[in-house]
Asks: 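Let me begin by handing over the structure; questions about it come next.
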Amino acid sequence: MSSPSKRREMDVMKLMMSDYTVDTPNDRLNEFSVEFHGPKESAYEGGVWKVRVELPDAYPYKSPSIGFVNKIYHPNVDELSGSLLLYPNPSDPLNGDAASLMMKDKKEYEEKVKEYCERYAKNTGKSAVEEDESGEEDISDGNYSSSDDEIPGHAEL
């Protein structure tokens with residue numbers, strides 16, 4: 001079995017060779033960001049989000065910490081968490097407002113998601129980070145959370 005550092009290198013290299021945009025500042029493989037597009041045929045379609053990823057020294061035995069850089073409206077995302085975009089679970093929310101709206105009025109919820117996509121996840125000449133630093137209210141501020149119950153290195157987008 002390979003050592004944790006070799007596993008980390010392998011997993012990050014696989015991610016870099018995928019369709020995602022991966023940025024490794026200072027060429028460090030334990031801290032990087034990943035840019036991904038919202039799923040097709042969903043309210044998130046057309047949006048582009050950036051998440052920061054920190055792989056602990058004990059990776060893959062300890063799960064990564066992941067946090068959004070730009071804002072997203074989703075029942076399972078708050079200031080301290082990551083997300084499952086395509087399969088939201090409003091019965092176990094981290095963002096109570098999004099979950100409540102999703103359960104009460106699915107159409108209005110999808111409109112709110114699209115509004116957030118337009119404001120925070122579409123390139124309008126300003127980067128997601130610049131937009132997020134404009135001083136507006138934060139929905140997901142890039143703080144991290146991690147769960148040892150999650151599959152290390154796997155994010156269901």
Side-chain angles (χ1 to χ4, degrees), residues 11-12 14-25 28 30-56 59-60 62-157:
D11 288 352
V12 173
K14 283 182 194 174
L15 189 60
M16 293 172 88
M17 293 172 16
S18 71
D19 291 337
Y20 299 112
T21 302
V22 179
D23 180 33
T24 56
R28 297 179 62 198
N30 64 331
E31 290 182 34
F32 53 91
S33 62
V34 179
E35 193 174 276
F36 67 93
H37 297 263
K40 291 186 188 305
E41 298 181 22
S42 77
Y44 299 96
E45 183 173 16
V48 179
W49 285 271
K50 188 173 187 177
V51 292
R52 275 199 195 117
V53 180
E54 288 185 22
L55 299 177
Y59 176 85
K62 187 169 192 280
S63 61
S65 296
I66 301 173
F68 279 82
V69 174
N70 51 331
K71 296 178 186 179
I72 186 166
Y73 192 75
H74 195 280
N76 303 113
V77 177
D78 72 359
E79 289 88 22
L80 303 175
S81 70
S83 173
L84 300 173
L85 287 186
L86 204 49
Y87 305 105
N89 181 3
S91 61
D92 187 21
L94 292 170
N95 180 337
D97 292 339
S100 176
L101 186 59
M102 181 183 199
M103 291 191 300
K104 288 180 184 171
D105 188 340
K106 180 85 169 173
K107 185 175 179 176
E108 188 177 335
Y109 166 79
E110 288 182 358
E111 288 302 315
K112 186 82 165 182
V113 167
K114 289 176 183 176
E115 175 190 329
Y116 270 62
C117 285
E118 285 296 323
R119 283 180 83 180
Y120 305 113
K122 290 197 177 174
N123 190 355
T124 57
K126 216 177 186 187
S127 79
V129 176
E130 290 171 335
E131 182 72 30
D132 204 35
E133 291 174 350
S134 67
E136 293 188 31
E137 175 186 328
D138 253 354
I139 297 301
S140 60
D141 66 4
N143 288 329
Y144 308 113
S145 89
S146 105
S147 166
D148 291 332
D149 296 334
E150 297 170 4
I151 299 170
H154 178 75
E156 187 160 335
L157 307 172

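The structure displayed is predicted, hence computed values, not measured ones.
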Asks: Angle between ring planes, His74 versus Tyr44, binned at 30° and 60°: parallel, tilted or perpendicular?
Replies: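 Correct class here is tilted.
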Asks: Would you find a donor on one side and an acceptor on the other, under 3.5 Å apart, between the side chain of Asn70 and the backbone of Arg119?
Replies: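 Side chain of Asn70 to backbone of Arg119: no pair is present.
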Asks: Identify, with sequence neighbours excluded, every residue that meets side chain to side chain contact (heavy atoms under 4.5 Å, CB included) alongside Met16.
Replies: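 Only Val12, Met13, Val22, Thr24 meet the side chain to side chain contact (heavy atoms under 4.5 Å, CB included) criterion with Met16.
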Asks: On a heavy-atom basis, which atom in Glu31 and which in Glu54 lie closest, and how many Å separate them?
Replies: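 Smallest interatomic distance, heavy atoms only, reads CG-CG, 3.9 Å.
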Asks: Over 60° means perpendicular and under 30° means parallel, so tell me whether Tyr73 and Tyr109 are parallel, tilted or perpendicular.
Replies: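 Plane angle between 30° and 60°, so tilted.
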Asks: Which residue is it: Leu15, Asp23, Val51? I am looking for the one with a side chain to side chain contact (heavy atoms under 4.5 Å, CB included) to Phe32.
Replies: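 It is Leu15; the other options fail the test.
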Asks: Apply side chain to side chain contact (heavy atoms under 4.5 Å, CB included) to the pair Trp49 and Cys117, showing each step before the final yes or no.
Replies: CA-CA 9 Å; Trp49 285 271; Cys117 285; 3.4 Å; yes
Asks: Measure across Met102 and Lys106 and return the closest heavy-atom pair with its distance rounded to 0.1 Å.
Replies: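 Taking Met102 first and Lys106 second, the nearest heavy atoms are CE-NZ, 3.5 Å.
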Asks: Distance check, rounded to the nearest 0.5 Å: Ile66 atom CD1 versus Ser33 atom OG?
Replies: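 Going from the CD1 atom of Ile66 to the OG atom of Ser33 covers 12.0 Å.
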Asks: Taking the side chain as everything from C-beta on, heavy atoms only, tell me whether Tyr120 gets closer than 4.5 Å to Ile72.
Replies: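 No - every pair of side-chain heavy atoms lies 4.5 Å or more apart.
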Asks: Between Leu55 and Pro64, which heavy-atom pair has the shortest distance, and what is it?
Replies: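 In this case the closest contact between Leu55 and Pro64 is CD2-CB, 3.5 Å.
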Asks: Over all heavy atoms of both residues, which pair between Pro90 and Pro75 is shortest? Give the atoms and the distance, please.
Replies: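 Shortest heavy-atom separation between Pro90 and Pro75 comes out as CA-CB, 4.3 Å.
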Asks: My understanding is that only residues two or more places apart in sequence, or in another chain, count here; which of them pass side chain to side chain contact (heavy atoms under 4.5 Å, CB included) with Lys114?
Replies: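 Checked Lys114 against side chain to side chain contact (heavy atoms under 4.5 Å, CB included); matches are Ala43, Glu111.
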